[in-house]
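One structure is given below, encoded as structure tokens.
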Amino acid sequence: MINIVLFGKPGAGKGTQAEFLKEKYNLTHLSTGDIFRFNIKNDTDLGKLAKTYMDKGDLVPDEVTIQMLQSEVDKNPNSAGFLFDGFPRTIAQAEALDSFLKSKNQEITATVALEADDNILVQRLLERGKTSGRSDDQDEEKIRNRYQEYNEKTAPLMEYYKNQGKFHAVNGIGSILEVNERLNFVFDNLK
């Protein structure tokens, strides 16, 4: 079983690349953003709670995110592996994920970070915001707040996974195909 954490700042292309990767490597794609948006659209209790944080540009609290993710993993018992997109975002979440996977005799195989300049990403999100309907993609201040949250809480994950020998950085700038080829190279060379 292969379990990959795909991370990068909002707008780095995680969702776009995950679509290609899940098909090529037969992985179950678990995007916390997609799961939250589904719950928001369907006005579930989790969706209402998540929306209060997302509207401010803040991350949804660990407890809510972890319980939701565990439920999604449990819904896919026959999966060949998981592509975690947008989770974990903090050391506490990474430790909780490691513990949860260990209880299922699994572990994270690797983490792959899509890296890109903030100014390029802001422009990507503002463009996406014109069609996505997402309020957090339509306000540069909220976008930059999300990047500040990422820098404070998520960037330390690089060190966490480097210490485990599971961290890979990939340049996220270029065409979708160019970035996909870089990701495929990393995936194809995993131990």
Side-chain angles (χ1 to χ4, degrees), residues 1-42 44-47 49-50 54 59-115 132 134 150 153-154 157-158 160-170 172 176-177 179-191:
M1 178 170 272
I2 182 172
N3 293 309
I4 305 290
V5 173
L6 184 62
F7 70 102
K9 291 180 180 174
K14 296 180 303 292
T16 299
Q17 293 300 328
E19 289 301 311
F20 295 110
L21 297 169
K22 75 177 187 178
E23 293 301 321
K24 180 170 182 174
Y25 299 98
N26 195 29
L27 301 173
T28 300
H29 177 214
L30 297 180
S31 164
T32 50
D34 289 347
I35 295 165
F36 284 136
R37 283 186 286 281
F38 172 84
N39 282 281
I40 289 168
K41 181 179 176 185
N42 291 288
T44 67
D45 289 341
L46 176 63
L49 180 60
M54 293 169 71
L59 297 177
V60 176
D62 286 355
E63 342 39 274
V64 176
T65 307
I66 291 165
Q67 288 177 10
M68 176 264 309
L69 192 72
Q70 288 174 345
S71 172
E72 293 299 315
V73 169
D74 288 341
K75 288 178 188 175
N76 294 281
N78 299 318
S79 179
F82 294 94
L83 182 60
F84 296 97
D85 168 4
F87 186 93
R89 290 189 179 193
T90 64
I91 298 292
Q93 288 180 358
E95 291 170 342
L97 180 59
D98 286 346
S99 177
F100 173 66
L101 290 175
K102 186 176 181 180
S103 76
K104 297 189 164 301
N105 295 315
Q106 298 177 38
E107 66 178 6
I108 293 299
T109 309
T111 61
V112 181
L114 285 173
E115 298 185 335
S132 71
R134 291 181 54 180
Y150 179 92
K153 297 178 179 175
T154 306
L157 284 171
M158 293 177 195
Y160 178 83
Y161 287 114
K162 281 179 185 175
N163 291 336
Q164 296 179 17
K166 297 179 179 181
F167 179 80
H168 305 271
V170 172
I176 292 171
L177 181 60
V179 175
N180 187 253
E181 287 173 355
R182 292 178 202 135
L183 288 167
N184 288 338
F185 179 81
V186 170
F187 275 56
D188 290 342
N189 290 286
L190 291 175
K191 298 173 188 156

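- Partners of Glu19 according to the salt bridge (charged side-chain N to carboxylate O under 4.0 Å, His left out) rule, which considers only residues two or more places apart in sequence or in another chain, are Lys22.
- Residues that satisfy the salt bridge (charged side-chain N to carboxylate O under 4.0 Å, His left out) test with Lys104, not counting sequence neighbours, are Asp74.
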Inset, instruction - Run the numbers on Phe84 and Leu6 for side-chain contact (heavy atoms from CB on, under 4.5 Å), then give the verdict. - result: CA-CA 6 Å; Phe84 296 97; Leu6 184 62; over 6 Å; no
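- Within the 4.5 Å cutoff, the side chain of Phe167 has no heavy atoms near those of the Tyr160 side chain.
- Put simply, the side chain of Met1 does not reach to within 4.5 Å of the side chain of Glu107, judged on heavy atoms.
- Contacts of Glu72 classified as salt bridge (charged side-chain N to carboxylate O under 4.0 Å, His left out), with partners at least two apart in sequence or in another chain: Lys75.
- Among all heavy-atom pairs drawn from Val5 and Phe87, the shortest one is CG1-O, 3.7 Å.
- In this structure, the side chains of Phe82 and Val73 come closer than 4.5 Å at one or more pairs of heavy atoms.
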Inset, instruction - Check step by step if side-chain contact (heavy atoms from CB on, under 4.5 Å) holds for Leu30 and Leu83. - result: CA-CA 6 Å; Leu30 297 180; Leu83 182 60; over 6 Å; no
Inset, instruction - For side-chain contact (heavy atoms from CB on, under 4.5 Å), just list the numbers for His29 and Asp34, CA-CA rounded to whole Å, side-chain angles, deciding distance to a tenth of an Å, and then say yes or no. - result: CA-CA 10 Å; His29 177 214; Asp34 289 347; 4.2 Å; yes
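- Between the CD atom in Gln70 and the CZ atom in Phe100 there is a gap of 5.0 Å [rounded to 0.5 Å].
- Under the side chain to side chain donor-acceptor pair (under 3.5 Å) criterion, Thr154 pairs with no residue at all, not counting sequence neighbours.
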Inset, instruction - Assess whether side-chain contact (heavy atoms from CB on, under 4.5 Å) is satisfied between Thr111 and Leu157, documenting all intermediate values. - result: CA-CA 9 Å; Thr111 61; Leu157 284 171; over 6 Å; no
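- In this structure Lys14 satisfies the side chain to side chain donor-acceptor pair (under 3.5 Å) test with no other residue, sequence neighbours excluded.
- Every residue two or more places apart in sequence or in another chain that forms a side-chain contact (heavy atoms from CB on, under 4.5 Å) with Ile40 is listed here: Lys51, Met54.
- Under the side chain to side chain donor-acceptor pair (under 3.5 Å) criterion, Thr44 pairs with Asn39, sequence neighbours left out.
- Side-chain atoms of Ser79 never come within 3.5 Å of backbone atoms of Asn76 as a donor-acceptor pair (strictly under, hydrogens ignored).
- Taking Tyr161 as the reference, nothing meets the ring-ring contact (aromatic ring centres under 6.0 Å, His included) condition, with sequence neighbours excluded.
- Defined by atom type and a distance below 3.5 Å, a donor-acceptor pair is present between the side-chain atoms of Asn3 and Gln106.
- Residues Ala94 and Pro88 approach most closely at N-CB, 3.4 Å, considering heavy atoms.
- Contact record, Ala80 with Asn26: CB-O, 3.5 Å, taken as the closest heavy-atom pair.
- The main-chain N or O of Glu95 is never found under 3.5 Å from a side-chain atom of Ser99 such that the two would form a donor-acceptor pair.
- Within 6.0 Å of atom CD1 in Ile176, 12 or fewer heavy atoms from other residues, nucleotides or ligands are found, so the atom counts as exposed in its surroundings.
- With hydrogens and angles disregarded, no donor-acceptor distance shorter than 3.5 Å links the side chain of Lys153 to the backbone of Arg89.
- Qualifying salt bridge (charged side-chain N to carboxylate O under 4.0 Å, His left out) partners for Arg134, counting only residues two or more places apart in sequence or in other chains: Asp136, Asp137.
- Judged as a side-chain contact (heavy atoms from CB on, under 4.5 Å), and not counting sequence neighbours, the contacts of Ala110 are Ile4, His168, Leu190.
- One distance of note links CG of Leu97 with CG of Leu101; it measures 4.5 Å at 0.5 Å rounding.
- For Tyr25, the side-chain contact (heavy atoms from CB on, under 4.5 Å) partners at least two apart in sequence or on another chain are Leu21, Leu27, Asn184, Phe187, Asp188.
- In this view, Asp62 and Ile66, Thr90, Ala92, Gln93 satisfy the side-chain contact (heavy atoms from CB on, under 4.5 Å) rule, not counting sequence neighbours.
- In this structure the side chain of Thr32 never reaches within 4.5 angstrom of the side chain of Asp85, judged on heavy atoms.
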